[in-house]
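All remarks here apply to the structure that follows.
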Amino acid sequence: MCGIFGIQFSEEKKNLGEILKKAAERLTYRGYDSVGFAAVDSRGKVDLRKDKGKVDEVYGKLKMGCMKGIRGIIQLRWATFGVPSKENAQPHLGCKGNLVSAHNGNIVNTLELIQELTEKGHIFKGENDGEALCHQVEDFTEQGYTLEEAVMRANRKMDGHYACVCTVRDINEIIAVKNGSSLFLGIGEDFICVSSDLPSILLYTRKYIPLMDGEFVVFNHKEFTIKSIENGDKIERQPLIYEDDINTADKGDFPHYMLKEIHEQDEHIKELVNFVKKNTEYQTYLKEMFESSRVFFVGAGSSYNAAVIGSFYLQNLTGKTVIISNAGEFIQRWGKVLKPEDSFLLISQSGETKDVMIVLDFLEKNGLKNIFSMVNVTGSSLHMRVLKRFPILSDLEIGVAATKTFTNQVVSFLTMAAVLSGNEKILDELLNLPEYVKILVEEYDSTTKELAKELLKFNSFIFLGYGISYGGVLEGALKVKELAYLPGEGFYSSEFKHGPLALIFEGQPVVFLSTKEDSRMTVSHINEIKVRGGKIFTIAPEDEKLRKESDVFYPLPTDFYYFIPILGVIFFQLLAYHMSVLKGENPDTPRNLSKSITVD
Ligand code: F6R
């Protein structure tokens with residue numbers, strides 16, 4: 001959701017435009033509608049080019065490939081304040097053309113700031129919050145403050161969660177601030193850069209520093225200083241080396257990241273299962289988390305759906321009470337009844353989701369101590385702030401729709417439940433799961449394409465699951481909504497007759513996910529729909545009755561009860577992927593969505 005990047009070299013680069021484009025391409029997965037590059041050359045000339053549109057389109061149209069300079073700033077914008085337009089696109093220039101800056105995130109007191117600065121004579125070209133920030137910094141420099149002091153003062157006036165980057169024409173340095181949105185510093189041989197996230201930095205260097213909220217960094221091509229926004233105190237932090245596989249940021253031979261990420265799930269499952277079995281820290285945190293009589297699992301979107309399945313595993317196998325909550329709803333629903341002994345697991349692929357970070361702020365503010373995290377992105381805000389971590393080891397996930405990270409969240413929950421309950425059968429079976437996933441992906445890649453063609457003839461879909469399958473159909477429905485842009489609703493199958501049954505008409509497609517153990521109940525729910533004309537597609541382990549009652553039956557490669565939601569969702573991921581491609585959409589970047597949702 002918006003992305004910023006800034007880079008300072010030791011000398012003028014004739015191909016700065018190309019360098020910036022590569023970084024911009026790595027930011028696209030976050031979601032965006034406008035693109036802007038600003039280049040500053042060694043004589044202090046600022047070249048700013050920006051517009052709404054995709055990177056290739058804007059880059060070609062504005063001939064950004066010709067941009068030269070010693071430093072550059074880019075921004076990919078996902079509109080919140082002001083419509084997508086050239087004026088609202090970032091970076092912004094101050095009134096004097098001396099200061100250039102960009103931000104990502106939200107500044108909620110923008111209207112007040114614009115009014116105050118306009119009264120002082122600043123001229124605004126759009127309504128964007130980043131423009132307010134730019135003029136506010138400029139205003140302080142005009143009052144005689146150094147750039148650093150102006151940045152600190154301006155940021156203390158901002159109300160919101162964001163990160164920003166700025167530079168002036170005549171000083172060979174860049175300043176960047178982290179205040180609620182992620183920000184990483186990258187340290188290279190002849191440059192230093194800063195970015196909203198790691199993939200764009202990893203293009204150029206593995207040496208990086210995640211910045212923390214309330215900090216800013218001042219850097220040239222070889223030196224950097226991190227300081228507190230509050231008081232300007234220096235903060236010492238050693239660079240880290242990114243050890244994971246960085247090839248995951250490439251599509252390889254696949255047409256889309258999403259398909260690649262679906263295909264590599266077996267490998268990531270293998271890695272995670274082996275890790276959990278051996279890692280003593282993981283086991284220690286697990287015991288500690290479940291010492292509480294109530295454990296809250298909190299996440300959004302797919303991470304919430306993973307928690308639905310995870311809580312089923314844990315309650316079923318260990319008898320412990322797990323309460324699941326959407327992150328956005330948590331404080332309203334549970335805020336008044338939390339107890340010091342409660343445990344909280346915050347689940348987030350990106351580690352940046354604002355709804356989740358607000359929960360973390362709330363728990364910390366209320367002195368609640370037993371906080372754990374399940375996060376994929378190393379160095380993200382959640383990863384840095386909650387150190388009792390349950391890693392999911394999925395490497396970078398570039399496709400906006402969660403696939404391999406969802407799967408490993410669920411696998412992690414199953415491993416937790418198996419370890420806590422000492423269930424050796426599950427631990428042994430988990431070693432076979434990668435093979436089942438591989439078989440499923442190979443067998444069903446083309447079949448799901450056929451099914452996608454058939455389902456696209458309809459305008460809506462119903463996904464039904466009973467017991468352990470429920471979380472799986474919620475995730476299947478979410479995948480179809482976000483990728484095919486069609487209403488797919490997931491329901492608990494026994495709940496369906498209490499109202500939603502009215503949705504059934506002759507030919508309405510209804511997709512069931514079922515375990516073998518639940519087949520009797522599933523058959524009964526299938527019949528309620530069949531007699532009203534619904535067309536039944538069932539995904540389940542081989543089962544004579546289920547096959548007979550369904551219009552189309554897709555057998556899963558195993559009947560192991562605990563794996564059915566995992567395999568079912570992978571089937572749905574393929575289905576949604578093909579629906580998107582068949583509709584001529586790009587499944588990696590569904591409209592209106594972004595990889596990390598850093599707004600309210
Ligand atoms: C769906 C999807 C979103 C995210 C949600 C939470 O495919 O990706 O629903 O799951 O925005 O994101 P994280 O897990 O990063 O907190």
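One-based numbering along the sequence shown. Nothing here was measured: the structure is a model prediction, and the numbers come from that model. Atoms within a ligand are numbered from 1 in the order they appear, just like the ligands themselves.
Taking the six-membered ring for Trp, Phe330 and Phe296 have ring centres closer than 6.0 Å. Note: Phe372 and Phe344 fail the aromatic proximity criterion, with ring centroids not under 6.0 Å apart. Note: Tyr470 and Phe491 fail the aromatic proximity criterion, with ring centroids not under 6.0 Å apart.
In the vicinity of Ala401, heavy-atom distances shorter than 4.0 Å reach the ligand 1 atoms 7 (O). In the vicinity of Glu482, heavy-atom distances shorter than 4.0 Å reach the ligand 1 atoms 1 (C), 7 (O). Taking every non-hydrogen atom of Val400 and a distance limit under 4.0 Å, the qualifying atoms of ligand 1 come out as 8 (O). For ligand 1, the atoms closer than 4.0 angstrom to any heavy atom of Gln349 are 13 (P), 14 (O), 15 (O), 16 (O). Heavy-atom proximity to Ala402, at under 4.0 Å, picks out these atoms of ligand 1: 7 (O), 8 (O). Applying the 4.0 Å criterion to heavy atoms of Lys479 picks out, from ligand 1, the atoms 1 (C), 7 (O).
When only interatomic distances are considered, the shortest N/O to N/O separation between Gln409 and ligand 1 does not fall below 3.5 Å.
Atom 12 (O) of ligand 1 has its closest protein heavy atom at Thr353 OG1, 3.4 Å. Counting only heavy atoms of the protein, atom 11 (O) of ligand 1 lies nearest to Ile597 CG1, 3.8 Å. Of all protein heavy atoms, the one lying nearest to atom 10 (O) of ligand 1 is Ser302 N, 3.0 Å. The protein atom (non-hydrogen) at minimum distance from atom 6 (C) of ligand 1 is Ala300 O, 3.3 Å.
A cation-pi arrangement is not found for Lys320 relative to Phe290, the charged atom failing to lie both closer than 6.0 Å to the ring centre and inside a 45° cone about the ring normal.
For Glu352, the heavy-atom gap to ligand 1 stays at 4.0 angstrom or more.
A donor-acceptor distance shorter than 3.5 angstrom exists from the side chain of Glu397 to the backbone of Lys404, with no hydrogens or angles considered. A donor-acceptor pair is defined here as one N or O able to donate and one able to accept, closer than 3.5 Å; no such pair exists between the side chain of Arg294 and the backbone of Asp342.
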**Request:** Check the pair Phe537 / Phe512 against ring-ring contact (aromatic ring centres under 6.0 Å, His included), numbers first and verdict last.
**Result:** CA-CA 6 Å; Phe537 300 84; Phe512 275 88; over 10 Å; no
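One distance of note links CD of Glu442 with OG1 of Thr447; it measures 12.0 Å at 0.5 Å rounding.
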